[in-house]
Structure formats: C-alpha cells, structure tokens
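Chain identifiers are assigned alphabetically (A, B, ...) following the order of the sequence lines, protein sequences preceding nucleic acid strands; residue numbering begins at 1 within each chain.
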Amino acid sequence: MIRISNTMTRTKEEFVPLTSGEVRMYVCGVTVYDYSHIGHARSAIVFDVIRRYLAFKGYRVTFVKNYTDVDDRIIRRANEAGVSPREFAERYVAAEREDMAALGVLAPDVDPKATEHVSEMLELIERLVASGHAYPVDGDVYFEISRFPPYGRLSGKNLDELLAGARVEVDERKRDPRDFALWKSSKPGEPTWESPWGPGRPGWHIECSAMAMRYLGESFDLHGGGEDLIFPHHECEIAQSEACTGKPLARYWVHNGMVNMGKEKMSKSLGNTLNIREIVKRHDPDALRLWMLGTHYRNMIEWSEERVEESARALDRLARLLHDAVTVRDAGGAASLPPALAEFRPRFEKAMDDDFNTPQALGVLFDFGRALAEARDRQAGAPGAFVAGVAELAQLARVLGLFGRGAPVDGPGAAVERLVTARGEARARRDFKRADELRDEIARLGWLVEDTPAGSRLTPKGR
RNA sequence: GGCGGCGUAGCCAAGUGGCUAAGGCGGAGGUCUGCAAAACCUCUACUCAGCGGUUCGAAUCCGCUCGCCGCCUCCA
C-alpha cells in the first residue's frame, strides 16, 4: 500500500487510484522563456521517480506535463530578441527536452503546449461565464472568487486575509480584487486568438485546467508541481475546473520543496539560478539525482557543489559493483537471487511506499551494496549469486532513475588488454618502474588498473 | 500580520511514542598491496535547538522560547 502526502488534506493518505491498476498524473511544467534551472530539475526528477515507482508497482501510468508557451515574459523577451514569441518559445521547449533527457528524466506520455489548446480553454471559459462563475469586462474575463466557496482550501488561506493581502495593482474593473484573469484582451503586437470577447490570449491558470482535463479527464489521480505553485496557481486551477465540472480535479495534490541558493530560494525572478546545462557539464547527472533524492521531496534542499561531489563518490561504489558484475558474468556466472539477498527489495518498497521516501530507499540500496561487495570479496558461493544480486540492485536503482544509461559495458579493447598483460609481466619480474609507466599509459586510455588478490582489475575512469 | 515547514554526529540526511537513533560524505585504525587504488572489517550522536509538561516510556505528543526557510506577487 502506497501512502502519499496530500497537500489538500495535509495528511498522508492511502493511495487509491480512480481506476484500479491505472494512474493518471499531471505535473505543471515550465514557462519557456529561459533555460531550465536546478529547481526545475528537482521537480522533474521528483515526479520522474514517482512515475517510475508507480509503474514499477504495476500501475499503468499516464503522465502529462505541459509547456506554458504564451506569457508576458515570453512576449517581452522575444521582442527583445527580435523573434516571434512562438519561435522564441519553441527554442526553449527544445532546450528543456534536451536538459531533461540529459538528466535521465523520462519523457512525458503527453507534453502539451498551451498555445495548441486555446480552443479547449475558451470552451471552459464560456462554460464558466454561462454558469455565472466568470464575468467579462472590456475584453477580459475574470473568475469570480466569491462564486466558488472552497477557494483557499488547498493553500489554507482564508478569503479575508487574501483581501488584506491583495496589495498590488488593484484593478478597479474587477468585482473583487481577488478575482483572477481567465482571458486577457491582447495589446497590439501580442499573440492573439479570437474569442467571444474579442481578440486576446489566455490567462495563466486556465491552460492547466484545459490540458489536464483534455488528456486525463475531469477527474484524475495525482496533480504535482513545485510548492510555490500551491498559491495561486493550483488554487485557481481547482476553482476553474471544479466550478465547471462539479467534480474534484485531482485526488492527490503533491508538491516538491524548493532548491535554495544559500538561504534563498532559487528563482528566475531573484536571478540566482543555475542552469541545468551548466551543471551537467560539471557533474554526472546520476550524481545530481542521487544528491537530490537524498533529501525527501517535500523538504527544501540547499544547492551545493560539494554535496553533489560527495554523491558522486557514493555513486561510484555502486557503479563499481555493476561493473564488476559484468566481469563476473562474462566469466560465466548466472544464478537466481540467493535468499540472503532477498531482504532488500521488500525493504526498498517499504521505504518507497511511505510517501516515496527516497532517502530511506537509498539507505537500503547502500546496505544492499555492502552485502554484495562482501559476497564478491569473500568469493563465497557461486559467482552467479553475486551477479544475480547486482542485477537486483540495478533494477531497484533504475526505479530511482539511476544507472538508466547503463553501466559502462564497453570493453577495454585489445590495446588496453595488451598493456595490462605487459604490466603484469613487468610486475612479475619486479620491474615496478616499467609497471607504473604502463599503468599511466592505461590511465591515458581511460582505464584504471587495480591489483587484487584475484589479479588486476580494470575500471573505466571518470564515469 | 496570516498560513505552512524546518532545527538529529564534523557535513548532508532518514527516523515522528517502546528493539543497539538508517544511510551517504569526511575522519581514525586494520586487512590486502612493490607502491597505489579499490574493496572489505572496526570505530566515529549515552543523544535528537533550549526549557517545561503529558506518559510506565518521547528525537517522536502538547506548551513556551530561540533560530532559519517558504507562500500570501510571476515563480518548479
């Protein structure tokens, strides 16, 4: 049984999908006006892991993540760059896909763009106007908060306080300062769609309602995003959607914690972001992932190069096991998992079942790794047992998205093998100077030679 | 001001009523080794921000104090 922290109820609840054996999930994606940063990476990795785990547990998962490709900042930056907003947004959609792939994040089943779903949005807005939940003013359309009493439930805000807090740009045309835009009349030079209220473009919140319902239905299982989206974005999404359908939009609202730079939240508006493409130049994406999954997804995490480097060292221990297994397997060993190594999978699942507790799950993986290394070094039992154990470990690690690109399996090649043999001969005649030279040469070819009681071992360097 | 979260070893981080307080990094010692590297073994929090309280029993529940962060405005 999987338990999930639900922002809506502020409790950990048993996960029961609407349709048995099937999970439909929607995650808010990025606004494409710049490169994605580490904060986006965290959200992507968190929901990637949730998705993988649900699939691992046997659910048929449909995963939808949108692109917001129409927005004030896109328009402004596109104008500055002298390209059309459409072309500008397209550029960053492509960049985002590259970044996600580099991080080992699985592509969504559907990744809809707002601009391609304007007709669905207009349909929703028309229904809301017809039902009296929204009202047009001078080509704009606003959602009337007071017509939807549950407004504020997700974020735990009460409406009076929101009123007191509505301090910026009180628009006199709105019936209530808390009302939010569903449709905005467009200014000259902006992307425009025809609507019953004149030419305009959609407000931010409506796109998610439209796309989520289009691909997942009026009610689905899990809605995710960064915790900074709880208010107002998800609150507004709920209001629009549920005012329309009378049904709960999502059963479980899941939010990931922020990535901080120092003590401050990383955010585009604060200008303290670190782009994914810069980071993957310096760090193994798996090390980055391991670092992130070392903190529970709901907690804040503070960016640190040092922590990621530490994670890379930890990752190395596991990676080495995988590599050794390839060597042993090639030496002819394969067997079923010995009972002594069967305890780890249930422990892993127990951790993950409890609100996707990846730090605890990783602890299990490292325990598993230690048990395997011990088995390898003792050379106890059939080598096949070690190989089977590593295969099991790798399978569990892959649920977290680790080692997705596979362990380094390319062989060292004949040239390197010859050097290793030569070095062995040099060592045998105690010509250590020559042996060390050969080791350096092998290192230049990308391989690390290590001498063990069982002979010299090769490991690819700098994975 | 309102709402929410956090404070656990040198650092990172699980654990949220009762076995020895996970795991990672770092550090110390050991085994192995021509050296090195890796690996493995052992050790590294008598204690969970502080103070009270509830309880047979609390890091875990309650209250207060201190410190930090997020949301309330575009934001993953």
Side-chain angles (χ1 to χ4, degrees), chain A residues 7 10 27-31 33 36-47 65 68 71-73 152 155-158 160-169 204 224-233 235 255-260 262-270 273 290-291 293-296 298-302 304 306-318 320-321 324 347 351 354 357-370 372-378 426-427 430-433 435-436 439 443 448-453 456-457 459 461:
Chain A
T7 306
R10 278 151 236 273
V27 175
C28 287
V30 294
T31 301
Y33 69 94
S36 297
H37 58 66
I38 307 297
H40 301 122
R42 159 115 110 149
S43 183
I45 286 171
V46 162
F47 291 103
K65 181 177 174 180
T68 300
D71 153 276
D72 290 345
R73 291 155 300 178
S155 52
K157 313 246 177 235
N158 87 52
D160 298 338
E161 282 155 10
L162 278 176
L163 191 53
R167 49 205 204 261
V168 270
E169 48 137 344
W204 174 34
E227 68 180 1
D228 54 351
L229 295 183
I230 295 171
F231 189 90
H233 185 53
E235 198 72 74
H255 295 96
N256 64 276
M258 299 291 98
V259 176
N260 279 194
K263 289 288 182 196
E264 251 184 350
K265 172 183 161 184
M266 177 180 294
S267 117
K268 290 193 259 196
S269 53
L270 291 172
T273 62
L290 183 65
W291 166 67
L293 298 181
T295 299
H296 186 90
R298 272 182 289 113
N299 295 150
M300 172 242 112
I301 189 168
E302 192 172 317
S304 159
E306 294 73 34
R307 296 293 90 71
V308 178
E309 281 160 17
E310 285 174 11
S311 298
R313 288 193 277 276
L315 186 70
D316 224 47
R317 270 184 37 215
L318 262 24
R320 226 160 250 284
L321 246 20
D324 289 348
R347 282 176 57 199
D354 184 14
N357 192 332
T358 54
Q360 202 159 72
L362 285 169
V364 175
L365 257 34
F366 282 105
D367 284 345
F368 196 173
R370 190 181 307 114
L372 285 166
E374 202 185 345
R376 176 199 59 198
D377 288 358
R378 286 204 308 266
R427 289 181 73 221
R430 303 190 70 76
D431 181 358
F432 297 121
K433 191 162 169 243
D436 288 348
R439 177 162 59 199
L448 179 70
V449 199
E450 298 166 318
D451 302 319
T452 73
S456 295
R457 179 165 63 187
T459 310
K461 281 176 64 172

Contact class for A:Val449 (heavy atom, under 4.0 Å): base, sugar-phosphate, or nothing? base

Counting any heavy atom closer than 4.0 Å, what does A:Asp71 reach on the DNA or RNA strands: base, sugar-phosphate only, or nothing?
-> nothing

Closest heavy-atom pair, A:Arg317 versus A:Phe366, reported as atoms and distance to 0.1 Å, is NH2-CD2, 4.3 Å

**OP:** Tell me what A:Ile230 touches on the nucleic acid: a base, only sugar-phosphate, or nothing, going by heavy atoms under 4.0 Å.
**Re:** nothing

Restricting both atoms to N or O, compile the protein contacts to nucleotides 15-18 of chain B shorter than 3.5 Å, with distance only.
from, atom 1, to, atom 2, distance (Å)
B:G15, OP1, A:Asn357, ND2, 2.9

- How far, in whole Å, is B:U65 from B:G1 if one measures between their P atoms? 12 Å

Exercise for review: Answer whether the closest heavy-atom distance between the side chains of A:Thr68 and A:Val30 falls below 4.5 Å.
Suggested key: no

Of B:A38, B:A13, B:C40, the nucleotide closest to the side chain of A:Pro359 is B:A13

Under the 5.5 Å and 30° test, is A:Phe432 stacked on the base of B:G34?
yes

| task | Please state whether the phosphate of B:C25, meaning OP1 or OP2, lies under 4.0 angstrom from any side-chain nitrogen or oxygen of A:Arg317. | result | yes

Under a 3.5 Å limit on both distances, the Watson-Crick or wobble mate of B:A38 is none

Any side-chain N or O of A:Arg313 less than 4.0 Å from the OP1 or OP2 oxygen of B:G26?
yes

Using Watson-Crick geometry (N1-N3 plus N6-O4 or O6-N4) or G-U wobble (N1-O2, O6-N3), each under 3.5 Å, B:C68 is paired with B:G5

Using a heavy-atom cut-off of 4.0 Å across all strands, would you classify A:Asp436 as base, sugar-phosphate, or nothing?
base

Is the base of B:C71 touched by the side chain of A:Lys157 through a donor-acceptor pair closer than 3.5 angstrom?
yes

query = Is any side-chain heavy atom of A:Lys268 closer than 4.5 Å to a side-chain heavy atom of A:His40?
reply = yes

Tightest non-hydrogen contact, residues A:Arg307 and A:Ser304, listed as N-OG, 3.0 Å

Separation of B:C6 atom P from A:His255 atom NE2, nearest Å, is 17 Å

Expressed as a whole number of Å, how far does the C1' atom of B:G5 sit from that of B:C40? 41 Å

Regarding the side chain of A:Ala314, the nearest nucleotide among B:G24, B:C40, B:A76 is B:G24

Separation of B:G70 atom P from A:Arg298 atom CZ, nearest Å, is 19 Å

Residue-phosphate contact under 4.0 Å: A:Arg10 side-chain N/O, B:G5 OP1/OP2: no

(Q) Applying a 4.0 Å non-hydrogen cut-off, can you work out what A:Gly29 is touching in the nucleic acid: base, sugar-phosphate, or nothing? (A) sugar-phosphate

- Would a 4.5 Å heavy-atom cut-off, applied to side chains only, mark A:Ile38 and A:Thr273 as touching? no

Practice task
May I ask you to test the A:Thr295-A:Met300 pair for a side-chain heavy-atom distance under 4.5 Å?
Solution key: no

Per atom distances to the A:Leu229 side chain, the nearest of B:A76, B:C74, B:C41 is B:A76

query: Do A:Asp71 and A:Thr31 have side-chain atoms, one donor and one acceptor, less than 3.5 Å apart?
result: no

B:G52 -> Watson-Crick or G-U wobble partner, both distances under 3.5 Å, gives B:C62

Would you indicate what A:Gly225 reaches in the nucleic acid, counting non-hydrogen atoms under 4.0 angstrom: base, sugar-phosphate, or nothing?
sugar-phosphate

A:Met300 CE to B:C68 C1', in whole Å, measures 10 Å

Return yes if the base of B:C74 and the side-chain atoms of A:Asp228 contain a donor-acceptor N/O pair under 3.5 Å, otherwise no.
no

Separation of B:G70 atom C1' from A:Asn260 atom CG, nearest Å, is 8 Å

Out of B:G34, B:A38, B:C72, minimum distance to the side chain of A:Ala435 belongs to B:G34

Across every strand shown, the nucleotide meeting Watson-Crick or G-U wobble geometry with B:G17 (both distances under 3.5 Å) is none

**Study point:** Face-on cation placement of A:Lys65 at A:Phe47 ring, 6.0 Å and 45° thresholds
**Key:** no

Using the C1' atom in both, what is the distance from B:C12 to B:G7, to the nearest Å?
14 Å

Atom CD of A:Glu235 and atom P of B:C71 are separated, to the nearest Å, by 16 Å

As its Watson-Crick or G-U partner within any shown strand, both distances under 3.5 Å, B:C25 has B:G10

Check: Is the base of B:G5 touched by the side chain of A:Asn299 through a donor-acceptor pair closer than 3.5 angstrom?
Finding: no

- prompt: When you compare B:U47 with B:U54, how far apart are their P atoms, in angstrom units rounded to a whole number?
  reply: 23 Å

Q. Ion pair present between A:Arg320 and A:Asp316, side-chain N to carboxylate O less than 4.0 angstrom?
A. yes

Scanning all shown strands, the Watson-Crick or wobble mate of B:C32 with both distances under 3.5 Å is none

- Integer angstrom distance from the P of B:A14 to that of B:U55: 32 Å

Here the gap from A:Glu306 atom CD to A:Glu309 atom CD, rounded to the nearest 0.5 Å, amounts to 6.0 Å

Here the distance between atom C1' of B:G70 and atom CZ of A:Arg42, to the nearest Å, is 12 Å

Nearest-nucleotide check on RNA chain B, A:Arg439 vs A:Ser311; residue mapping nearer the 5' end is A:Ser311

Original post:
Using a cut-off of less than 4.0 Å, is there contact between a side-chain N or O of A:Lys268 and OP1 or OP2 of B:A76?
Top reply: yes

Out of B:C40, B:A14, B:C74, minimum distance to the side chain of A:Thr295 belongs to B:A14

A:Glu310 atom CD is separated from B:G24 atom C1', nearest whole Å, by 8 Å

Of B:A76, B:C35, B:C11, the nucleotide closest to the side chain of A:Arg427 is B:C35

Sugar-phosphate only, base, or nothing, as touched by A:Val46 at under 4.0 Å among non-hydrogen atoms: nothing

Between NE2 of A:His233 and P of B:C72 the distance, given in whole Å, is 13 Å

Legend entry - Presence of salt bridge, A:Arg439 and A:Asp436, under 4.0 angstrom: yes

Separation between NE2 (A:His255) and SG (A:Cys28), nearest 0.5 Å, reads 7.5 Å

For B:U8 versus B:U44, give the span between their C1' atoms, rounded off to a whole number of Å. 16 Å

task: Using the P atom on both, measure B:C41 against B:C46 and round to a whole Å.
output: 24 Å

* For A:Lys263, answer base if it contacts any base atom (sugar-phosphate contacts may also be present), sugar-phosphate if it contacts only those atoms, and nothing otherwise; contact means non-hydrogen atoms under 4.0 Å. => sugar-phosphate

Check your understanding: Distance between the P atoms of B:G15 and B:C74, in whole angstroms?
Key -> 33 Å

request  = Measure distances between side-chain N and O atoms of A:Ser269 and base N and O atoms of B:C74, and say whether any donor-acceptor pair falls under 3.5 Å.
outcome  = yes

What's A:Glu264 touching, base or sugar-phosphate or nothing? Going by heavy atoms closer than 4.0 Å.
sugar-phosphate

The residue, A:Leu362 or A:Arg307, whose nearest nucleotide of RNA chain B is more 5′ is A:Arg307

